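Written below as structure tokens is the structure these notes are about.
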Protein chains: 2
Amino acid sequence: MQNPDRKDRPSRTGAVTMATVGRLAGVSQVTVSRALSDPAKVSPEAMVKIREAIEITGYVPNAIAGALASRRTRLITALVPSITNIVYSSLLHGFSDIMRGEGYQIMLSETGFNAGDEEAAIAAHLSRRPDGLLLTGIHHSVTARRMLMAAAIPVVEIWDMTETPIDCCVGFSHADTGRLAADFAISAGYRHAATLSAGDERAERRRFAFADRFATATGNTVTAIGLPIRTATLEMGRQGVARLVDEGLLQNRLESTVIHCSSDVIAHGALIEARTRGLRVPEDLAIIGFGDQDFAAHTDPSLTTIRIDRDQLGRAAAEALLSRFAGDTSAPSIRLVGFELMRRGSA
Amino acid sequence: MQNPDRKDRPSRTGAVTMATVGRLAGVSQVTVSRALSDPAKVSPEAMVKIREAIEITGYVPNAIAGALASRRTRLITALVPSITNIVYSSLLHGFSDIMRGEGYQIMLSETGFNAGDEEAAIAAHLSRRPDGLLLTGIHHSVTARRMLMAAAIPVVEIWDMTETPIDCCVGFSHADTGRLAADFAISAGYRHAATLSAGDERAERRRFAFADRFATATGNTVTAIGLPIRTATLEMGRQGVARLVDEGLLQNRLESTVIHCSSDVIAHGALIEARTRGLRVPEDLAIIGFGDQDFAAHTDPSLTTIRIDRDQLGRAAAEALLSRFAGDTSAPSIRLVGFELMRRGSA
DNA sequence: ATGAAAGCGCTAACAA
DNA sequence: TTGTTAGCGCTTTCAT
């Protein structure tokens, strides 16, 4: 048998609990709980006493216990390939901003770019019983999908597009951005092209779509340089142009050649290397980036690139989750985020 | 009175629990708990049955319940000014890497650069009962400090240095980096200087120390340009140099002038603007950055800057926390992280 | 408006 | 090696 008035006594761990606060305020533990979650249900006099008691004791609610009892954690967990990549961190910025405003906290993990890591990370995340989960990309292992379905929580997949999301999806078609770049390059009169692409799968899809479209339209083959990296660096952009020039891959047809880069960082490196070598951009060599990072408009020449509103994408992802929480079944489960080509000086 | 065998029955919420698994495996709920946390204490036969049952049911442990019972969350929460700033995200990268390896997860919040936000964020974080907490910077409100002390958990403050940390501190003196830059500039023969500095408090300390040292040594005043931002952009670097030139602040003494920038991004912008205007770097205008970001060695000319091993700093922070967890009282509570001036082409 | 009782799904003693 | 019991600090439900 347990001590009948155990609940209104301070815990034996020494921690300040609702019971401690209640005792000090002369009310029961439940009243303290109500005071915090629904003040309207507590009398003004009790409220004052409780507030005082909280102030005196320095009470900080225990969200762990609350979550266990209510089966709501107010936790959202997010998986991104890399937090040091501005592309993902800016997405999260918009996402967190909205979520935090609604009282949710974000737990974050980097998964790198391989699926095995992701599976383990998903399991770890699910053990925290998040109210919702954000995933970057649309390719997940069968086991991962099964775990997520079983968890029966809202899941939003971002930064890519699929007709068959686990739950909902907010993103765009990477291949379409490649085709947009190709169409622009063709209409701008470029007859030859090369690509500089990092090794990640989405970059590859952009590159392939660009090359395919460009080659089809011009009849010319597109030289592809694969960069042995997942995270873009200026250095790799410079090396890419260096190889293109040194290995004679541009074959003296500079005046009508454009380089499609998998990111603005690569493009910026390409720009620097071209100018270091005395090449004029875009006259000798034109350059197209991807991402419209904040520096893109301020390089010399400024970078022609594809713009995706990442902050907005993050916000849309948050809204997708929130409408799931609200039980809004009419909310679309697939949201296409737009992109546009920003024509500036480099192409 | 509660039903005597409630515990070995599936929960009424429909969720798969240890009790469900145990029933299927023909053992009690505790045995399942042991199988997961300390397999050596469970017979091989039981282990097999339990593993099967877990497989069949797709059981995912409930870390919330575990945390409540054990009073350990295996959660570390971190507060950073901004996740889109590579300086902080790369720190976190090293930190998370170590922590995750030790079985901890990271919950992240952005605090912006003001103390009021931080206080609310700290309270929210503490309610999750993290096993440890990471704070960026050393300036915290009295209330914040009190909450942290009361929580009685390991706290590590990073990216700055204080003799009186809340618990432990891993960082460096920002003023010292400014003085190092000044000493270098003086010995390199520069007689005039200007500063380009973002508005955050640490950047200001670097700037002030640089200007103070430089002015003292040369007898010349240092022109300060404050940039109205917290997060550095290429654009702001360009504007800074534009103002310096357009407003005649450099007064035709270009040949011996150096600009001290609060970050590599600002410095890179300065570089671009200088070259766009036909100024030679470093002959007409020399530039010193801060941070040694990965692009710094690959701009044209390459950037002279101050290097801090951020990844290492993050790891050291993780180790500080881990030695606290291990109860290692001999571990230093203050760790100074080194920095060095990387002399390259821009100064 | 307030409180008592029950229980969220685990871990931590303690027994057997 | 296994099981029993008693909580962890809350929320929920049902009385009063």
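We use all heavy atoms of the structure for the numbers below, so side chains are in, but hydrogens, waters and symmetry mates are not. Order of the sequence lines sets the chain letters (A, B, ...), proteins ahead of strands, with each chain counted from 1. Worth saying up front: this structure is predicted, and the values here are computed from it rather than measured.
Dashed line: the shortest gap from a side-chain N or O of B:Ser28 to OP1 or OP2 of D:dT2 is not under 4.0 Å. The phosphate of D:dT1 (OP1 or OP2) has no side-chain N or O of B:Ser43 nearer than 4.0 angstrom. Under 4.0 angstrom from either OP1 or OP2 of D:dT11 there lies no side-chain N or O belonging to A:Ser37. Between A:Ser33 and D:dT11 there is a side-chain polar atom (N or O) within less than 4.0 angstrom of OP1 or OP2. The phosphate of C:dG9 has neither OP1 nor OP2 within less than 4.0 Å of any side-chain N or O from B:Thr17.
A:Arg146 has its side chain within reach of A:Thr143: a pair of non-hydrogen atoms, C-beta onward, lies under 4.5 Å apart. Residues B:Ile54 and B:Ile50 form a side-chain contact, since some pair of their non-hydrogen atoms from C-beta on lies under 4.5 Å apart.
The pair A:Arg315-A:Asp311 counts as a salt bridge, with a side-chain nitrogen and a carboxylate oxygen less than 4.0 angstrom apart.
D:dT4 atom P lies 11 Å from atom CD of B:Gln29, rounded to whole Å. The distance from atom CD1 of B:Ile64 to atom C1' of C:dT11 is 15 Å, rounded to the nearest whole Å. Nucleotide C:dA16 holds its C1' atom 16 Å from the NZ atom of B:Lys41, rounded to whole Å. In this structure, B:Arg129 places its CZ atom 19 Å from P of C:dT11, rounding to the nearest Å. If you measure from atom CZ of A:Arg72 to atom P of D:dC10, you get 17 Å, rounded to the nearest angstrom. Look at CG on B:Asp38: it is 10 Å from P on D:dT1, rounded to the nearest Å. Taking atom CG of residue B:Leu68 and atom P of nucleotide C:dC10, one finds them 12 Å apart after rounding to whole Å. The distance from atom CE of A:Met18 to atom C1' of C:dT2 is 15 Å, rounded to the nearest whole Å.
Judged by distance alone, with hydrogens and angles left aside, A:Arg34 brings a side-chain donor or acceptor within reach of the base of C:dG3, the pair sitting under 3.5 Å.
When each of B:Glu119, B:Glu118, B:Arg145 is tested with B:His140 by the rule side-chain hydrogen bond (donor to acceptor under 3.5 Å, both in side chains), just one qualifies, namely B:Glu118.
B:Ala40 comes within contact range of the sugar-phosphate backbone alone, with a heavy-atom separation under 4.0 Å but no base atom that close. Within 4.0 Å of B:Ala46, counting heavy atoms only, lie sugar-phosphate atoms of the nucleic acid but no base atom.
B:Tyr59 pairs by the ring-ring contact (aromatic ring centres under 6.0 Å, His included) definition with nothing, not counting sequence neighbours. Applying the side chain to side chain contact (heavy atoms under 4.5 Å, CB included) test to B:Ala123 and every residue at least two apart in sequence or in another chain returns B:Met147.
Minimum atom distance to the side chain of A:Ala69 is reached by C:dC8, of the listed C:dC8, D:dT4, C:dG3.
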Evaluation steps, ring pair (Phe, Tyr, Trp, His ring centres under 6.0 Å), between B:Tyr104 and B:Phe325: CA-CA 12 Å; B:Tyr104 292 88; B:Phe325 294 158; 5.1 Å; yes

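A donor-acceptor contact shorter than 3.5 Å links the side chain of B:Thr136 to the backbone of B:Leu79.
The stretch residues 49-63 of chain A touches DNA chain D through A:Tyr59, A:Asn62, each having a heavy atom within less than 4.0 Å of the strand.
Toward the 5′ end of DNA chain D lies the nearest nucleotide of B:Ala65, the other residue of the pair B:Ala65 and A:Ser70 mapping further downstream.
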